[in-house]
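Below is one structure, written out as structure tokens; the observations come after it.
A, B, ... follow the sequence lines: proteins, then strands. Residue 1 opens every chain. As a basis for the values below, the full set of heavy atoms in this structure was taken, side chains included, without hydrogen atoms, waters or symmetry mates.
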Number of protein chains: 2
Amino acid sequence: MLGNDGEALPTAAKEIPPELQGLRMTKQRREVYSVLLHNRDHPTANEVFGRVQADMPSISLATVYNCLDALVDHGLINRVNFDREPSRFCVNLTPHVHFQDKKSGVIHDLSFKDGCQITDVLDLPNGTEVSELELTIRGFLPKGS
Amino acid sequence: MLGNDGEALPTAAKEIPPELQGLRMTKQRREVYSVLLHNRDHPTANEVFGRVQADMPSISLATVYNCLDALVDHGLINRVNFDREPSRFCVNLTPHVHFQDKKSGVIHDLSFKDGCQITDVLDLPNGTEVSELELTIRGFLPKGS
DNA sequence: AGACATAATTAGAACTATTCTAATTATGTT
DNA sequence: AACATAATTAGAATAGTTCTAATTATGTCT
Ligand SMILES: [Mn+2]
Ligand SMILES: [Mn+2]
Ligand SMILES: [Zn+2]
Ligand SMILES: [Zn+2]
């Protein structure tokens, strides 16, 4: 997935986004990222810690936090906040929002309708530059979803 | 367009709106609510504490938290979360979202375009029941807004 | 390769927003 | 007034996260 040949970044990628330059892909960071890729259920830092420990028992929680922060800062993952609950982490880099089903607790990635943006529906002054946007929803999915 | 200092809400805590049913309006709760009504800049609990202390020096921070929680639970105010920052509080009960201008730090209430809902733009399964929704945006307003 | 500089990892302490505890005080009701 | 219940209070506790400082790993330059 990501290069381990001493390069800071995946060598498979033709063009490297500027944010990713300078991310040293250590084995801890690779393992954290791999855990997130393998089970995309939006785990908390503590849940990531537990999963990483299976393969890497010596890793520390501080390192998990550090790795998650590095991956967020370099744009490889997103941090997801529901109210004041512990942050969760998401590898889906496409524009999407988060929906938690109140029955199962499962967090679903939700896309926009074709060709729609969230700003289509908002009364923003013309020329506003949106740099960060977070939308979280809770509710009940219809039976049999 | 940006409704940070609008007049859509009750201006006096003396008149008891239906939302207050079952809420004992103690002088601490009235003062906290009054502070929020008077300056609608989405203060944190600690900022509310500081403002209330001017008129009520003996109030405790725990009471401010208790009052804010009671007001939220009774639907008189909303709790607003930006990322992992301290919660802020908002007396605007109309459907709106929050936009923080990264230049000034000011948080603006943002309405939906006429007849629009946020769910109009989302790819939700038919029959989904949305019970909680929070949208926060950061960015830059155009010059002269 | 070895020497060096820099960056990441680690354990544990510290931080901070918030909640809890338990005592006191206020309020509403008979 | 007496009583029951609820709110307020100070301070302790909690929990997620960040910081500190020591150690270890990595990359670069001879
Ligand atoms: Mn960061
Ligand atoms: Mn509550
Ligand atoms: Zn996601
Ligand atoms: Zn608001």
Side-chain angles (χ1 to χ4, degrees), chain A residues 2-11 16 19-35 42-53 55-74 76-89 136, chain B residues 13 16 20-35 42-53 55-74 76-89 136:
Chain A
L2 296 178
N4 59 353
D5 53 358
E7 300 270 326
L9 280 170
T11 47
I16 296 161
E19 302 85 24
L20 277 72
Q21 287 176 16
L23 179 64
R24 193 181 285 183
M25 191 47 75
T26 62
K27 53 184 189 300
Q28 288 88 349
R29 287 175 180 168
R30 180 177 295 103
E31 182 65 27
V32 164
Y33 186 49
S34 161
V35 155
H42 304 87
T44 63
N46 211 55
E47 287 165 349
V48 172
F49 180 47
R51 293 174 196 183
V52 169
Q53 277 185 309
D55 278 340
M56 194 180 272
S58 64
I59 199 171
S60 74
L61 179 58
T63 297
V64 171
Y65 273 104
N66 289 342
C67 291
L68 290 169
D69 195 51
L71 293 170
V72 169
D73 285 350
H74 287 81
L76 277 169
I77 64 174
N78 292 119
R79 180 190 304 271
V80 177
N81 295 299
F82 274 88
D83 304 331
R84 310 244 84 226
E85 295 175 6
S87 287
R88 298 175 170 276
F89 297 88
T136 53
Chain B
I16 298 178
L20 277 165
Q21 294 293 333
L23 178 68
R24 191 183 284 184
M25 188 48 76
T26 63
K27 55 184 188 299
Q28 288 87 350
R29 287 176 180 168
R30 179 176 292 103
E31 184 65 26
V32 165
Y33 186 49
S34 163
V35 155
H42 303 88
T44 64
N46 211 54
E47 287 166 348
V48 172
F49 180 48
R51 293 172 196 183
V52 168
Q53 277 184 308
D55 278 340
M56 194 180 270
S58 65
I59 199 171
S60 74
L61 179 57
T63 297
V64 171
Y65 272 104
N66 289 340
C67 290
L68 290 168
D69 194 52
L71 293 170
V72 168
D73 286 348
H74 285 79
L76 274 167
I77 65 175
N78 291 119
R79 179 188 306 268
V80 177
N81 295 300
F82 275 87
D83 305 328
R84 309 242 85 226
E85 296 175 7
S87 289
R88 297 176 171 276
F89 297 88
T136 53

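- A:A70 approaches A:L23 most closely through the heavy-atom pair CB-CD1, 4.0 Å.
- Every residue two or more places apart in sequence or in another chain that forms a side-chain contact (heavy atoms from CB on, under 4.5 Å) with A:T63 is listed here: A:Q28, A:I59, A:S60, A:C67.
- Residues meeting the side-chain hydrogen bond (donor to acceptor under 3.5 Å, both in side chains) test with A:R29, sequence neighbours left out: none.
- Residues passing the salt bridge (Lys or Arg N to Asp or Glu O under 4.0 Å) test with B:R88, sequence neighbours excluded: B:E47.
- At whole-Å resolution of the value, CG in B:N81 and C1' in C:dT18 are 12 Å apart.
- Residues from residues 43-50 of chain A with heavy atoms under 4.0 angstrom of DNA chain D: there are none.
- Two end axes, each from the C1' atoms of five base pairs, can be drawn for the helix from C:dA1-D:dT30 to C:dT30-D:dA1; they diverge by 30°, to 10 degrees.
- Put simply, the side chain of B:V48 does not reach to within 4.5 Å of the side chain of B:T44, judged on heavy atoms.
- At the phosphate of D:dT17, OP1 or OP2 sits under 4.0 Å from a side-chain N or O atom of B:R84.
- Atom CD of A:E85 and atom C1' of C:dA17 are 15 Å apart (whole Å).
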(Q) Does the protein touch nucleotides 4-15 of chain D at the base, only the backbone, or not at all? Give it as B, S and - per nucleotide, heavy atoms under 4.0 Å. (A) --SSSBBB----
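- Taking the side-chain contact (heavy atoms from CB on, under 4.5 Å) definition, one finds that A:N66 meets it with nothing, sequence neighbours left out.
- With sequence neighbours excluded, the residues satisfying side-chain hydrogen bond (donor to acceptor under 3.5 Å, both in side chains) with A:D83 are A:R138.
- Remark: B:D55 pairs with B:E31 by the side-chain contact (heavy atoms from CB on, under 4.5 Å) rule, at least two apart or across chains.
- Within the structure, every side-chain polar atom (N or O) of A:Y65 is placed at least 4.0 Å from both OP1 and OP2 of D:dT18.
- B:Q53 meets the side-chain hydrogen bond (donor to acceptor under 3.5 Å, both in side chains) test with no other residue; sequence neighbours excluded.
- Applying the side-chain contact (heavy atoms from CB on, under 4.5 Å) test to A:S87 and every residue at least two apart in sequence or in another chain returns A:R79, A:N81, A:F89, B:R84.
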